[in-house]
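Here's the structure, in structure tokens; my notes come after.
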Amino acid sequence: MNRPFRPSRRRILQGAAGVAALGTVPRIAIAQSAPVKIGLILPMTGPFASTGRQISASCKLYMQQHGSTIAGRPVELIIKDDTGVAPETTKRIAQELVVQDKITVLAGFGLTPLAFAAAPVATEAKVPMIVMAAGTQVIPQRSPFIVRSGFTLPQNTAPIALWASQNKLNRVFTLVTDYAPGLDSEKTFVNRFKAAGGTIVESVRTPLKNPDYAPFLQRAKDSKADALFVFVPSGEGLAVMKQFDERGLKQAGMKMIGPGDVVDDDLLPSMGAAAAGVITSMHYSAAHDSPENKAYVAAMMKANPGMRPNFHSVGGWDGMHLIYEALKKEPKGSGEQLVEAMKGMKWTSPRGPMSIDPATRDVVQTVYLRETKMVNGEPWNIEFAKFENVGPGGNI
Ligand code: VNL
């Protein structure tokens with residue numbers, strides 16, 4: 001997956017032929033259009049490969065639909081696999097992309113530790129770094145060159161804390177993955193749920209590497225809580241759902257709630273009816289009812305048969321939007337100028353309306369409450385309420 005992706009060489013050639021037909025200066029004009037190189041670092045293998053698959057697919061689709069030149073500059077997507085679990089590898093790849101490939105923009109970053117590892121490279125090289133997946137709130141503080149196109153955990157957790165407190169779930173057991181976004185999510189839920197009068201029965205944390213959810217879910221069941229709050233990163237939801245189902249937590253009357261990572265659309269079809277009844281809050285559902293999303297889902301599923309686009313995929317799509325629009329504004333912009341152009345940008349994504357907060361370079365967006373329901377034999381996350389303009393800190 002390390003070869004550059006150039007979907008419209010044909011377009012470039014057509015463009016070149018068009019200029020050549022005019023007779024003069026074509027070579028000089030073309031030689032001056034330095035390529036825009038996007039270095040996309042993603043987990044393409046390993047336990048988080050679905051995140052890499054989803055984001056690389058949406059970035060390619062964006063290029064196919066929006067053309068692979070920006071202001072006359074050909075766009076080159078260079079996809080690198082960092083395996084998802086080795087921050088030193090991510091950092092080394094970022095350095096190589098800067099020094100050897102002379103990339104214009106760094107992008108991707110499937111998990112928080114990987115975004116942390118690359119941040120100093122972006123700062124030193126003065127290149128924009130678009131964080132498309134990792135969701136810990138502090139990430140953009142690690143470099144003035146970071147702009148986030150995905151989501152934050154406080155943003156996606158606050159609405160479910162409110163919903164739980166208003167829907168007679170008085171006693172909640174929490175389970176999160178033991179690393180920065182899990183702690184962000186746990187803190188947001190526990191603080192807000194308690195402030196609203198709720199009781200936390202117990203809080204447990206599972207390891208990021210090789211987790212075994214069975215003993216934790218048994219403990220949750222034995223606690224007889226009203227609900228199990230779960231945050232696990234995308235890719236882990238199926239294992240959690242299997243244990244939840246096999247141990248009969250739903251049958252025992254326990255509701256599963258959380259931010260929507262656990263019912264990620266990529267894995268949801270494989271969960272089947274076990275996922276029905278889960279209530280989550282999230283910025284994206286493949287079932288989101290808008291013309292933009294219908295077109296997006298249809299195009300993604302056509303280009304990638306059997307793959308339902310998930311929330312990470314829109315992080316990739318909207319990250320490409322930021323890169324394209326910033327370069328249209330500043331065709332020869334420096335890293336600083338491109339970041340400046342991204343601040344305050346506002347647009348309609350397949351997920352709904354969104355913008356970049358100029359103060360934090362972080363994403364402001366609508367967060368939806370959803371219930372997982374069976375529709376024509378397949379589970380989908382059906383939105384039933386929304387909170388608009390939710391900032392990175394999850395103020396609702
Ligand atoms: C992170 C957060 C990663 C939420 C995720 O999937 C996720 C992170 C890989 O910040 O590491 O769903």
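Computation of the quantities below employed the complete heavy-atom set of this structure, encompassing side-chain atoms and omitting hydrogens, waters and symmetry-equivalent molecules. Read the numbers this way: they start at 1 and go in the same order the structure lists the ligands and their atoms.
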If we set the cut-off at 4.0 Å for heavy atoms, which region of Phe231 has an atom near ligand 1: side chain, backbone, both, or neither? side chain

Check each heavy atom of Ser234 against ligand 1 and say whether those closer than 4.0 Å belong to the side chain, the backbone, both or neither. both

Closest protein heavy atom to atom 10 (O) of ligand 1, given as residue, atom name and distance to 0.1 Å: Thr112 OG1, 2.5 Å

Report the nearest protein non-hydrogen atom to atom 6 (O) of ligand 1: residue, atom name, distance rounded to 0.1 Å. His312 NE2, 2.9 Å

Taking 4.0 angstrom as the limit and counting only heavy atoms of [X], give me the atoms of ligand 1 inside it, by number and element.
| X | value |
| --- | --- |
| Pro233 | 3 (C), 5 (C), 6 (O), 7 (C), 9 (C), 12 (O) |
| Phe151 | 4 (C) |
| Thr51 | 9 (C) |
| Phe311 | 12 (O) |
| Ala134 | 8 (C), 10 (O) |
| Asp261 | 4 (C), 7 (C), 12 (O) |
| Tyr179 | 1 (C), 3 (C), 8 (C), 11 (O) |
| Gly110 | 3 (C), 9 (C) |

Just say parallel, tilted or perpendicular for the rings of His312 and Phe151, cut-offs at 30° and 60°. tilted

Hey, does Lys168 have a side-chain heavy atom less than 4.5 Å from the side chain of Asp226? no

[X] with [Y]: basic N within carboxylate O range, under 4.0 Å:
| X | Y | value |
| --- | --- | --- |
| Glu388 | Lys386 | yes |
| Glu96 | Arg92 | yes |
| Lys343 | Glu340 | yes |

Gap between atom OG1 of Thr280 and atom CG of Asn156 - 0.5 Å precision: 9.0 Å

Knowing that exactly one of Val172, Thr174, Thr157 qualifies, which makes a side-chain contact (heavy atoms from CB on, under 4.5 Å) with Phe193? Val172

Near-ring test Tyr368/Phe384, centroid separation under 6.0 angstrom: no

